[in-house]
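Predicted, not measured: the structure shown is a model, and the values here were computed from it. Ligands are counted one by one from 1 in listed order, and the atoms in each one are counted from 1 as well.
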Amino acid sequence: MSLHLDALTVTLGRGDSRTTALDGFGATFRPGVLTALVGPSGSGKSTLLAVAGALLRPDRGRVLLNGTDLAALGDRERARARRERVGYVFQSGNLLTGLTAEEQLLAAASIAGRRPRALRARARELLTEVGLAHRLAHRPDQLSGGERRRIALARALLLEPELLLVDEPTAAVDRSRAEDLAALLVRTTHRYGSVTVVATHDPVVTEAADATVDMLRPPVSASA
Ligand SMILES: Nc1ncnc2c1ncn2[C@@H]1O[C@H](COP(=O)(O)OP(=O)(O)OP(=O)(O)O)[C@@H](O)[C@H]1O
């Protein structure tokens, strides 16, 4: 399992707001390795995660997940790949209104075709690992932004995805919590062998990461 991004070009917006977010970007990400994706604001980190996770189709280039080009698949196959192979943790957390923390995890398991019952103990364990054992019955509107993001992280980890994409996991959390979250991401990446890519501005995360890819100095040059 590896993620190979080849000569990706992505243009966003129209007219005056048209922006080249990625211009021939290439890099390879290996399994069991947590890579910190760094670069200044606006350098394309979130765009890269969206393309790698098959949420956004590039104008050009390939997204090879273990040899399959996600960019070339039809919509149905892309949706399936997203559901079955990719864990995505957005900055907003993207939780479902009205569900408790524990239900967020079990609902995701169910949507992914897994038996929620079998995963209940693991869901609680993960919520405890992200420091939310005392918030199992809270709903999103009863939680802070940092807590919501930690639930989204636990939810992604529950399904042990091949590809784990995380956008700014430590924004709005204090340093000691950031260290715990970074350690948890590294530990689970090593244990499950996922390809983990974390967009971050936080030195706590870059220090804990196994590797770093700089958006402004990608390791593989454009080949398009
Ligand atoms: N819908 C859009 N239309 C036009 N331009 C866009 C759109 N979305 C993002 N951009 C531009 O694309 C570029 C890349 O944005 P992106 O969000 O990927 O950067 P980033 O590195 O994740 O930034 P940050 O660190 O601030 O989160 C930026 O210049 C941004 O202004």
Counting only pairs under 3.5 Å, give me each side-chain donor-acceptor contact of residues 45-58, with atom names and distances, residues two or more places apart or in other chains.
from, atom 1, to, atom 2, distance (Å)
K45, NZ, G39, O, 2.9
K45, NZ, P40, O, 3.2
S46, OG, D167, OD2, 3.0
R57, NH1, A71, O, 2.8
R57, NH1, L73, O, 3.0
R57, NH2, L73, O, 3.2
R57, NH2, D75, OD1, 2.9

Could you tell me whether R122 and E125 have a side-chain N and a carboxylate O separated by less than 4.0 Å? yes

I'd like the contact residues of ligand 1, where contact means a heavy atom below 4.0 Å. L12, G13, S17, T19, A21, P40, S41, G42, S43, G44, K45, S46, T47, H201

Check ion pair R149-E168 (N to O, under 4.0 angstrom): no

Quick check: closest heavy atoms across R150 and V130, and the distance to 0.1 Å? NH1-O, 2.9 Å

Is a donor from one side chain sitting under 3.5 angstrom from an acceptor on the other, for D59 and T9? no

State whether R114 and E84 are salt-bridged, where the test is any N-O pair (Lys NZ or Arg NE/NH1/NH2 against Asp/Glu carboxylate O) under 4.0 Å. no

